[in-house]
Amino acid sequence: DPIMVAGMVSVVFRISNIQNRASATRKPLAFSTIEGNDIVITSQLSKEHSLNDHLVWLWGLLQHERRFLKSLRASGAKLTVHARVSREATTIEPNGAEMLHLLGAALVLTYPA
């Protein structure tokens, strides 16, 4: 079982270094916002869910956009998942890692001070 991560603050999927902003925004992604030149999708799960749950939720949202996201990556965009988690043990299961692997997205963990 994945370990529940108490006090998780947020999990965000970020598309940055977008070369062609017009083509990147031609297809609106559910729950996405624009921050500067980045497209940002914040997990809608509560902070009590595990990191793995957030990753699975994001993948459920993004898996049908896989070709579009891979085309952005091929043109130089960076796909990154930023997760702010507690200092407790965090487990990522295969179903959570699937999105990272298939999209070539990096996972960046940050911890509270």
Side-chain angles (χ1 to χ4, degrees):
D1 276 354
I3 296 170
M4 295 303 285
V5 180
M8 175 174 289
V9 174
S10 65
V11 178
V12 173
F13 181 83
R14 182 175 293 272
I15 306 167
S16 57
N17 198 36
I18 299 169
Q19 302 302 313
N20 185 343
R21 187 176 159 96
S23 69
T25 57
R26 77 179 189 283
K27 186 173 197 174
L29 298 169
F31 300 104
S32 68
T33 59
I34 304 294
E35 290 183 12
N37 291 322
D38 297 355
I39 298 172
V40 177
I41 301 170
T42 302
S43 172
Q44 300 297 297
L45 296 181
S46 71
K47 67 181 182 178
E48 286 76 29
H49 282 86
S50 70
L51 172 57
N52 198 75
D53 290 344
H54 285 273
L55 293 173
V56 169
W57 185 89
L58 284 166
W59 182 231
L61 186 70
L62 296 172
Q63 64 186 340
H64 301 295
E65 306 298 340
R66 185 173 167 196
R67 280 196 175 126
F68 172 63
L69 294 167
K70 288 184 92 167
S71 72
L72 289 176
R73 199 178 100 225
S75 69
K78 285 181 55 180
L79 308 180
T80 311
V81 176
H82 295 268
R84 185 168 169 84
V85 298
S86 70
R87 293 197 177 272
E88 297 172 26
T90 301
T91 301
I92 300 173
E93 300 292 333
N95 64 343
E98 182 178 14
M99 174 185 66
L100 301 172
H101 171 70
L102 292 176
L103 294 180
L107 175 63
V108 178
L109 300 175
T110 57
Y111 305 95

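What you are looking at is a predicted structure, and each value in this text was computed from that prediction instead of being measured.
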When you group the ILVMFWY residues by side-chain heavy-atom contacts below 4.5 Å and let the links chain together, are Val12 and Leu61 in the same group? no
Could you go step by step and tell me if Val81 and Val108 meet the side-chain contact (heavy atoms from CB on, under 4.5 Å) rule? CA-CA 6 Å; Val81 176; Val108 178; over 6 Å; no
Enter the distance from Leu55:CG to Ile92:CD1 here, rounded to the nearest 0.5 Å. 5.5 Å
Would you check if Glu65 and Leu29 make a side-chain contact, meaning some heavy-atom pair closer than 4.5 Å? yes
Counting C-beta onward and ignoring hydrogens, is there a side-chain heavy-atom pair between His82 and Arg14 closer than 4.5 Å? yes
Between Asp38 and Ile18, is there a side-chain heavy-atom distance shorter than 4.5 Å? no
Side chain Asn17, main chain Gly76, donor-acceptor under 3.5 Å: yes
Please tell me if the side chains of Asp53 and Leu51 come closer than 4.5 Å, counting only heavy atoms from C-beta onward. no
Shared ILVMFWY cluster between Val56 and Met99, side chains joined below 4.5 angstrom? no
Tyr111: partners by ring-ring contact (aromatic ring centres under 6.0 Å, His included), with sequence neighbours left out: none
Leu79 side, atom CG; Ser16 side, atom OG - distance, nearest 0.5 Å: 8.0 Å
Student check: side-chain heavy atoms of Phe31 and Trp57 closer than 4.5 Å: yes
Using a 4.5 Å cut-off on heavy atoms from C-beta on, say whether the side chain of Leu109 contacts that of Thr90. no
Can you tell if the side chain of Ile15 reaches within under 4.5 Å of the side chain of Leu72, non-hydrogen atoms only? yes
Could you walk me through whether Leu62 and Ile41 pass the side-chain contact (heavy atoms from CB on, under 4.5 Å) test, one step at a time? CA-CA 10 Å; Leu62 296 172; Ile41 301 170; 3.6 Å; yes
For the CD atom of Gln44 and the OG atom of Ser46, what is their distance to the nearest 0.5 Å? 11.0 Å
Let me confirm one number: the CD-CG distance from Gln63 to Leu102, rounded to the nearest 0.5 Å. 9.5 Å
Can you list the steps and then say if His54 with Trp59 is a side-chain contact (heavy atoms from CB on, under 4.5 Å)? CA-CA 9 Å; His54 285 273; Trp59 182 231; over 6 Å; no
Minimum side-chain heavy-atom gap Phe13-Val40 below 4.5 Å: no
